[in-house]
J.: 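Can you read through this structure? Questions will come right after.
By convention in this document, chain letters (A, B, ...) are assigned in the order of the sequence lines, proteins followed by strands, and residues within each chain are numbered from 1.
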2 protein chains.
Amino acid sequence: MKVTINDVAARAGVSIKTVSRVINNEPSVRPATRKKVQDAVDALHYQPNLAARNLAGSRAYTIALIYDNPNAYYVINMQNGILDACKARGYELLIHPSNSRSESVYQELEDLVLHSKVAGLVLTPPFSETPSVIDTLKKLNVDYVRIVSKTADLEDSEDCIQVDDTAAAFDLTQHLLQLGHKRIGFLCGGEEHVSTYGRLEGYRQALEQAGIPVEDDLVLKGEYSFDSGVQGAKKLLGQDNPPTAIFASNDEMAAGALFAARLMNIDIPGQLSIVGFEDSPFSRQTWPKLTTAHQPNNEIAKCAAALVLSKARGHTAAESGSASKEAGIKREFTPELVVRDSSGPAPAE
Amino acid sequence: MKVTINDVAARAGVSIKTVSRVINNEPSVRPATRKKVQDAVDALHYQPNLAARNLAGSRAYTIALIYDNPNAYYVINMQNGILDACKARGYELLIHPSNSRSESVYQELEDLVLHSKVAGLVLTPPFSETPSVIDTLKKLNVDYVRIVSKTADLEDSEDCIQVDDTAAAFDLTQHLLQLGHKRIGFLCGGEEHVSTYGRLEGYRQALEQAGIPVEDDLVLKGEYSFDSGVQGAKKLLGQDNPPTAIFASNDEMAAGALFAARLMNIDIPGQLSIVGFEDSPFSRQTWPKLTTAHQPNNEIAKCAAALVLSKARGHTAAESGSASKEAGIKREFTPELVVRDSSGPAPAE
DNA sequence: AAATCCGATGACAACGCTGTCATACTAACC
DNA sequence: GGTTAGTATGACAGCGTTGTCATCGGATTT
């Protein structure tokens, strides 16, 4: 029932070490031998014992996803993307929601790493953008991949996934501009997220290019939440000269803005256009459906996980090699504009 | 940096076995010794190595959550609940989304169990209600807790968490009845979920009690999804004599129904009342806010995890004991009616 | 006071694998 | 044909725990 490396070795007529070599894809095994072993593995449905591998190799076969995000869709997408990448390579995923405002993260990270529970980490904002967290990780000398907004600070040597919030926000804003909107309100996300600033910057650049000054009254602080969207929109729409369009920093906020507009009996998109950001499933379930920027979270996560795993593997093969000062791998994603029903021509004056 | 049991033993001046005894809460350790060890553990911030424990003890310190649910809020709530329970006891969680329609689950479950990756499993619908899955688990002789609809088949000896869908659906229907609705449409969830039948049963019972016949035309098959809600509501509302209220089997479907009503220019709750089920965060983000039944998924999951963990522990202490035919522990949850804005008095004829 | 028992503790093997190093083998060289 | 590089393989020692069993000492019994 329970197949171990010994069974495989016996069946293949080789030592367990050779079996180990084969399953770890190490060199120096004759093709014929490799095949014998592979056949035995297949026949017995052998799968290495994770715990034993961890213990013996001191490298883990598990990676962790660290996050602090109230957005269920976001998290699920990330998880599934990573899981995809893990499955392909026989790794497992430990999920690790944590509170970015509490100090406990450091302790938790140390625990994960020092007890060799994980071979690497995938970090999402805001952790991926918190210098003290990154420092801790560096000290612990563990592999990690940061998923960050493109504008975040990075060292050359770090691997990371960058999301170009600015470019996407630029497109979104330009879309509104092209519809004839001149007064566009902007609802900021949480200040602990770098994406908040990136998106704001895109908005600014688009206005600037159109020769429209950025009015402070139209840019409101907030958080990436539905409620914040409601509050922000109310405030914006209660002004003497309200905007004809609202750029909400994510879909949840946009849904909140929609809700507020509804409360105030404002027709969308007739009297007011609203755009979101992320293209979560939920942006297709509001009324009207949201115009937004599609952020491929699943892909992003898969890519991040693949990076972590390739690093983890690397240690065995290369390790000794170069002084680790090579440039890290960077991958960039730019969310794409998705036009739906919540944006329309600016109302006539 | 990396503290092992040896360090603790050295510091406490005892053997590693004694340290092991203390951290596993085994008897036969003098209080004085126990304290010495405990102090050393605290001083060194010792945490047992999971991999070593797994390997040596052949019992894992990880549990898995098995699910196949497109509802992100549901999944996240479950995860967080379980994580809470795990953290308190030093366990880790492996998440395991899977496809209930594919055959691969069996293989995956075997893998998880046979390689002692997990000490136990928490199953959510539809897996928790699929006989062949449960059989597999029994054969594998692994601890599991099923989260099921109360009407699902169970053996006495099984631990499980039951959700009384029927009672909650009854309450929800009665709420509509009391508002004067006589024609209430019912949108069923997926047929692979037992809860689908439980909820329908509650609806039936309430109508029956009110002396209103159940009309086949008003009960539509569907799935627990937004789109299914849209389709169902369209169909219902397109009838010659459309219902004045719609019972959607979950919040997502209800949101879909809301969307459909909106498309058809039907005022909610003026012309039509809609109720959902689950009270996901999302039910507060629709317009109008949904009347629904609050299902405490977080609590449910926490409870399920606690049960699994207590079983896992039990094996060490008791094991040899009784013939395992004791009655399993059952916990019951009944979702509670939450009245919001999507339900109102039936329109005058 | 000797015999008995039980609670407290430790020595040591085992868990299934990987890392290290030694050894056997093969091919290539002069 | 004998030597020299490799290249392929295996023996063996851990990795950090837990489980088993032996041992020690003090309390209880006779």
J.: B:Asn49 has an atom CG; how far is it from atom C1' of D:dG16, in whole Å?
T.: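 Answer to the nearest Å: 6 Å.
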J.: Using a 4.5 Å cut-off on heavy atoms from C-beta on, say whether the side chain of B:Leu121 contacts that of B:Leu137.
T.: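 Contact flag for B:Leu137/B:Leu121 side chains = yes.
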J.: Of all residues at least two apart in sequence or in a different chain, which pass the salt bridge (charged side-chain N to carboxylate O under 4.0 Å, His left out) check with A:Glu332?
T.: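 Salt bridge (charged side-chain N to carboxylate O under 4.0 Å, His left out) check on A:Glu332 returns A:Lys150.
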J.: Roughly, in whole Å, what's the span from CG in B:Leu50 to P in D:dT17?
T.: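 The answer, rounded to whole Å, is 10 Å.
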J.: Would you please name every residue forming a salt bridge (charged side-chain N to carboxylate O under 4.0 Å, His left out) with B:Asp84, sequence neighbours left out?
T.: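 Only B:Lys302 meet the salt bridge (charged side-chain N to carboxylate O under 4.0 Å, His left out) criterion with B:Asp84.
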J.: Is the closest side-chain donor-acceptor distance between B:Glu108 and B:Ser98 under 3.5 Å?
T.: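 Per modelled atom types, B:Glu108 and B:Ser98 side chains form a pair under 3.5 Å.
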J.: Which heavy-atom pair separates B:Ala85 from B:Leu309 by the least distance, and what is that distance?
T.: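 Looks like O-CD1, 3.8 Å.
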J.: Could you give the CD1-to-P distance, from A:Ile5 to D:dC12, as a whole number of Å?
T.: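 From A:Ile5 CD1 to D:dC12 P: 17 Å.
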J.: With sequence neighbours left out, write down each residue that passes side chain to side chain contact (heavy atoms under 4.5 Å, CB included) with A:Ala72, or none if nothing qualifies.
T.: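 A:Ala72: side chain to side chain contact (heavy atoms under 4.5 Å, CB included) contacts with B:Ala72, B:Tyr73, B:Ile76.
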J.: Hey, is CG on B:Asn141 packed in by over 12 heavy atoms from elsewhere, all under 6.0 Å?
T.: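 Atom CG in B:Asn141 is not packed in, count stays at 12 or less.
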J.: Give every donor-acceptor pair under 3.5 Å between a side-chain atom in residues 34-41 of chain B and any protein atom, sequence neighbours left out.
T.:
{"unit_1": "B:Arg34", "atom_1": "NH2", "unit_2": "B:Glu26", "atom_2": "O", "d": "2.8"}
{"unit_1": "B:Lys35", "atom_1": "NZ", "unit_2": "B:Asp39", "atom_2": "OD1", "d": "3.3"}
{"unit_1": "B:Lys35", "atom_1": "NZ", "unit_2": "B:Asp39", "atom_2": "OD2", "d": "2.7"}
{"unit_1": "B:Gln38", "atom_1": "NE2", "unit_2": "B:Asp42", "atom_2": "OD1", "d": "3.4"}

J.: Just to be sure I understand the geometry, which residues of residues 32-47 of chain A put a non-hydrogen atom under 4.0 Å away from DNA chain D?
T.: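 Listed by number, they are A:Thr33.
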J.: OP1, OP2 of D:dC15 versus side-chain N and O of A:Asn54: anything below 4.0 Å?
T.: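 It does not, given that no N or O in the side chain of A:Asn54 lies less than 4.0 Å from OP1 or OP2 of D:dC15.
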J.: C:dG19 C1' sits how many Å from A:Ile23 CD1, rounded?
T.: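 Answer to the nearest Å: 14 Å.
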J.: A:Thr130 side chain to A:Pro126 main-chain N or O, any donor-acceptor pair under 3.5 Å?
T.: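 Judged by distance alone, yes, a pair lies under 3.5 Å.
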J.: With sequence neighbours excluded, what pairs up with B:Lys138 under the salt bridge (charged side-chain N to carboxylate O under 4.0 Å, His left out) test?
T.: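 Scan of B:Lys138 (salt bridge (charged side-chain N to carboxylate O under 4.0 Å, His left out), adjacent residues dropped) gives B:Glu155.
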J.: At what angle, to 10 degrees, do the two end axes of the helix from C:dA1-D:dT30 to C:dC30-D:dG1 meet, given five pairs define each axis?
T.: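 End-to-end axis angle: 40°.
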J.: Who pairs with B:Pro296 by side chain to side chain contact (heavy atoms under 4.5 Å, CB included), at least two apart in sequence or on another chain?
T.: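 Scan of B:Pro296 (side chain to side chain contact (heavy atoms under 4.5 Å, CB included), adjacent residues dropped) gives B:His294, B:Glu299, B:Ile300, B:Phe333.
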J.: Below 4.0 angstrom from OP1 or OP2 of D:dT9, is there any side-chain N or O of A:Arg30?
T.: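 Yes, within the criterion.
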J.: Just to confirm, is there a sub-4.0 Å distance from OP1 or OP2 of C:dT9 to any side-chain nitrogen or oxygen of B:Thr18?
T.: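 Answer no for this pair, as no side-chain N or O of B:Thr18 is under 4.0 Å from OP1 or OP2.
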J.: Sequence neighbours excluded, which residues qualify as side chain to side chain contact (heavy atoms under 4.5 Å, CB included) partners of A:Ala301?
T.: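 Side chain to side chain contact (heavy atoms under 4.5 Å, CB included) check on A:Ala301 returns A:Met78, A:Ile82.
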J.: Classify A:Pro48 by what it touches in the nucleic acid, base, sugar-phosphate, or nothing, heavy-atom distance under 4.0 Å.
T.: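 Sugar-phosphate only.
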J.: Check the interface with nucleotides 5-7 of chain D: list each N/O to N/O pair with the protein under 3.5 Å, or write none.
T.:
none

J.: Under the salt bridge (charged side-chain N to carboxylate O under 4.0 Å, His left out) test, which residues partner A:Glu92, sequence neighbours left out?
T.: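 So A:Glu92 forms a salt bridge (charged side-chain N to carboxylate O under 4.0 Å, His left out) with B:Lys117.
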J.: Of the candidate nucleotides D:dT9, D:dT18, C:dT9, which contains the atom at the shortest distance from the side chain of B:Val29?
T.: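 Taking heavy atoms from C-beta onward, the closest nucleotide is C:dT9.
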J.: Grab the N/O contacts between the protein and nucleotides 11-15 of chain C below 3.5 Å, and write none if there aren't any.
T.:
{"unit_1": "C:dC15", "atom_1": "O2", "unit_2": "B:Leu55", "atom_2": "O", "d": "3.4"}
{"unit_1": "C:dC15", "atom_1": "O2", "unit_2": "B:Ala56", "atom_2": "N", "d": "3.1"}

J.: Could you tell me whether the side chains of A:Tyr46 and A:Thr4 share a donor-acceptor contact shorter than 3.5 Å?
T.: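 No, no side-chain donor-acceptor contact under 3.5 Å.
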J.: To the nearest Å, how far apart are B:Glu26 CD and D:dT20 C1'?
T.: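 Rounded to whole Å, this separation is 12 Å.
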J.: From CG of B:Asp7 over to C1' of D:dC15, roughly how many Å is that when rounded to an integer?
T.: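 Value for this atom pair: 14 Å.
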